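Remember, predicted model here, so these are calculated numbers, not experimental data.
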Amino acid sequence: MAKSAILKSSLAKKYWMALTGLFLCLFLAGHLAGNLQLIFSDALHFNQYALFMTTNPAVKILSYLTYISILFHAVDGIVLTVQNRKARPIGYAKTDGSSSSFSSRNMAVLGTVILVFIVTHMVNFWAVMHFDKNMPLQTVTIGMQGQEQEYYLTTDGGYLPKAQVDQNMIKIENRTEFFDAAANVKVKEGYKDLHKITVAFFKDPKTGLIATILYVIAMITLAFHLLHGFQSAFQSLGLNNPKYTPAIKKFGAAFAIIVPILFAIIPIYIHFFLK
């Protein structure tokens, strides 16, 4: 058994590749369900979803597992690819694709592209939400008696006049907390407006179209990666059965096509159709 930088055997590494891959498929399904609110719901519900995903203790644990799984899956995939090439330094003479699919022959390349996408995606959204001091809080404009006034939406379902912040009657601390400036007492908490950040990113007059195209390309890459990876995971785990394997292959193909398409529709909708 070949030695590994992560685990002691290639077989063990394949088991972990399969397990982390299937776990990341579950993450994709959950992440897609949340992101589809950008199309089928409003800004408040999306920002409430974002708040829940970043504050709920159970979700935080799942998030850490996701980060670890992504790193492990990527590094382990690279190690396996290097080992396979060392074991077979000369490629097969038959490379017309009839013996293997495009996805299976290029899993390392596809995975690398996806990893680059994940890193840039986290820089553009995750890092901004967690660390950017200029992250906006969600506001809404309400018309009363012929006048319009802007309010911050608060997590208790209330409203806080933005004018009170502008006039230094209320101050914002810790990026989301509203404090009475005189008494220095917390009175409300607002929503980070991830909806606004996301929409602005894909509708940017200069870079929005490029960002949308690159996102779609990344989802096409993900589709090819999943086409081989999903069913390969079950094979690596030894879960092959004449009765169930055809159904697994069909479900895997459907998952590999439908999930990336739905992800890709989101930036397309935002850039071209969202008002």
Side-chain angles (χ1 to χ4, degrees), residues 27-56 59-60 62-64 66-67 70 114-142 150-162 165-166 170-178 188-219 222 259-260 262-275:
F27 162 76
L28 282 174
H31 192 51
L32 174 61
N35 283 7
L36 283 175
Q37 293 184 71
L38 288 163
I39 296 178
F40 298 109
S41 191
D42 56 23
L44 176 59
H45 284 97
F46 182 74
N47 289 333
Q48 287 175 334
Y49 153 75
L51 177 63
F52 174 80
M53 294 297 290
T54 54
T55 57
N56 183 274
V59 174
K60 279 189 174 182
L62 287 175
S63 296
Y64 294 136
T66 301
Y67 305 147
I70 291 172
I114 294 169
L115 182 61
V116 171
F117 165 77
I118 290 172
V119 172
T120 56
H121 190 69
M122 291 187 72
V123 169
N124 291 324
F125 299 105
W126 182 88
V128 171
M129 184 170 182
H130 284 273
F131 305 113
D132 191 345
K133 295 181 180 179
N134 296 319
M135 179 75 188
L137 298 180
Q138 185 177 359
T139 61
V140 62
T141 300
I142 300 175
E150 192 172 7
Y151 292 84
Y152 286 105
L153 293 179
T154 58
T155 56
D156 60 357
Y159 300 86
L160 184 72
K162 187 174 181 295
V165 176
D166 296 337
I170 300 291
K171 60 181 180 179
I172 300 175
E173 299 285 351
N174 303 316
R175 302 173 67 210
T176 61
E177 298 174 338
F178 297 105
K188 299 277 187 179
E189 185 164 356
Y191 290 102
K192 293 178 182 178
D193 201 348
L194 184 61
H195 185 277
K196 182 178 182 179
I197 292 296
T198 305
V199 170
F201 182 80
F202 288 113
K203 290 189 78 71
D204 186 279
K206 294 182 179 179
T207 62
L209 179 58
I210 296 174
T212 301
I213 293 172
L214 291 177
Y215 193 101
V216 172
I217 291 173
M219 292 305 102
L222 176 64
V259 169
L262 291 176
F263 269 117
I265 287 174
I266 295 171
I268 292 173
Y269 170 79
I270 291 174
H271 183 79
F272 291 104
F273 303 106
L274 185 64
K275 302 300 182 180

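The CD1 atom of Ile270 sits 12.0 Å away from atom CD1 of Ile265, with the distance rounded to the nearest 0.5 Å. Distance CD1/Ile170 to CG/Leu160: 5.5 Å, rounded to 0.5 Å. Note that the CG atom of Leu194 and the CG atom of Leu38 stand 8.0 Å from one another [nearest 0.5 Å]. In this structure, OG1 in Thr212 is found 11.0 Å from CD1 in Ile217, a value given to the nearest 0.5 Å. The line from OG1 of Thr66 to NZ of Lys60 is 14.5 Å long, rounded to the nearest 0.5 Å. For the atom pair CD1 (Ile197) and CG (Asn134), the distance works out to 9.0 Å, reported to the nearest 0.5 Å.
Heavy-atom neighbours of Lys196 NZ from other residues, nucleotides or ligands within 6.0 Å: at or below the threshold of 12.
By the 4.5 Å heavy-atom criterion applied to side chains, Asn35 and Tyr49 are counted as neighbours. Between His195 and Gln138 there is no side-chain heavy-atom pair separated by less than 4.5 Å. When side chains are defined from C-beta on, Leu262 does not count as touching Ile266, because their heavy atoms never get closer than 4.5 Å.
Between Phe125 and His121, the ring planes lie tilted relative to each other; the angle falls in the 30° to 60° range.
Listed by chain and residue number, Asp166 satisfy the salt bridge (charged side-chain N to carboxylate O under 4.0 Å, His left out) test with Lys162 (two or more places apart in sequence, or in another chain). By the side-chain hydrogen bond (donor to acceptor under 3.5 Å, both in side chains) test, Tyr151 pairs with Gln149, sequence neighbours left out. Under the rule for a side-chain hydrogen bond (donor to acceptor under 3.5 Å, both in side chains), the partners of Thr176 that lie at least two apart in sequence or sit in another chain are Glu189. Every residue two or more places apart in sequence or in another chain that forms a ring-ring contact (aromatic ring centres under 6.0 Å, His included) with His130 is listed here: Trp126. Remark: Lys188 engages Asp156 in a salt bridge (charged side-chain N to carboxylate O under 4.0 Å, His left out) (not counting sequence neighbours). Legend: residues meeting side-chain hydrogen bond (donor to acceptor under 3.5 Å, both in side chains) with Thr207, ordered by chain and number and at least two apart, are Asp204. Applying the side-chain contact (heavy atoms from CB on, under 4.5 Å) rule to Asp42 yields the partners Leu44, His45; only residues at least two apart in sequence or on another chain are considered. Shown here are the salt bridge (charged side-chain N to carboxylate O under 4.0 Å, His left out) partners of Lys171, two or more places apart in sequence or in another chain: Glu173. Tyr159 meets the side-chain hydrogen bond (donor to acceptor under 3.5 Å, both in side chains) test with no other residue; sequence neighbours excluded. Looking at residues two or more places apart in sequence or on another chain, you find no salt bridge (charged side-chain N to carboxylate O under 4.0 Å, His left out) involving Glu150. Residues forming a ring-ring contact (aromatic ring centres under 6.0 Å, His included) with Phe178 (at least two apart in sequence, or on another chain): Tyr152.
Taking each heavy atom of Tyr191 and Gln48 in turn, the nearest pair found is OH-NE2, 3.3 Å. Scanning all heavy atoms of the two residues, the minimum distance from Val59 to Phe52 falls at CG2-CE2, 3.6 Å. The heavy-atom pair separating Phe201 from Ala211 by the smallest distance is CE2-CB, 3.6 Å. Closest approach of Tyr215 and Phe263 over heavy atoms only: CE2-O, 3.4 Å.
Remark: the backbone N or O of Thr120 is paired with a side-chain donor or acceptor of Asn124 at under 3.5 angstrom. A distance-only check finds no donor-acceptor pair linking the side chain of Asn174 to the backbone of Glu177 [under 3.5 Å].
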Determine, step by step, whether Leu222 and Phe117 satisfy the side-chain contact (heavy atoms from CB on, under 4.5 Å) criterion, reporting the C-alpha distance in whole Å, the side-chain angles of both residues, the deciding distance to 0.1 Å, and the verdict. CA-CA 10 Å; Leu222 176 64; Phe117 165 77; over 6 Å; no

Output, in order, the C-alpha distance, side-chain angles, deciding distance and verdict of side-chain contact (heavy atoms from CB on, under 4.5 Å) for Leu51 and Lys192. CA-CA 8 Å; Leu51 177 63; Lys192 293 178 182 178; over 6 Å; no

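Legend: side chain to side chain donor-acceptor pair (under 3.5 Å) pairs involving residues 266-275, not counting sequence neighbours: none detected.
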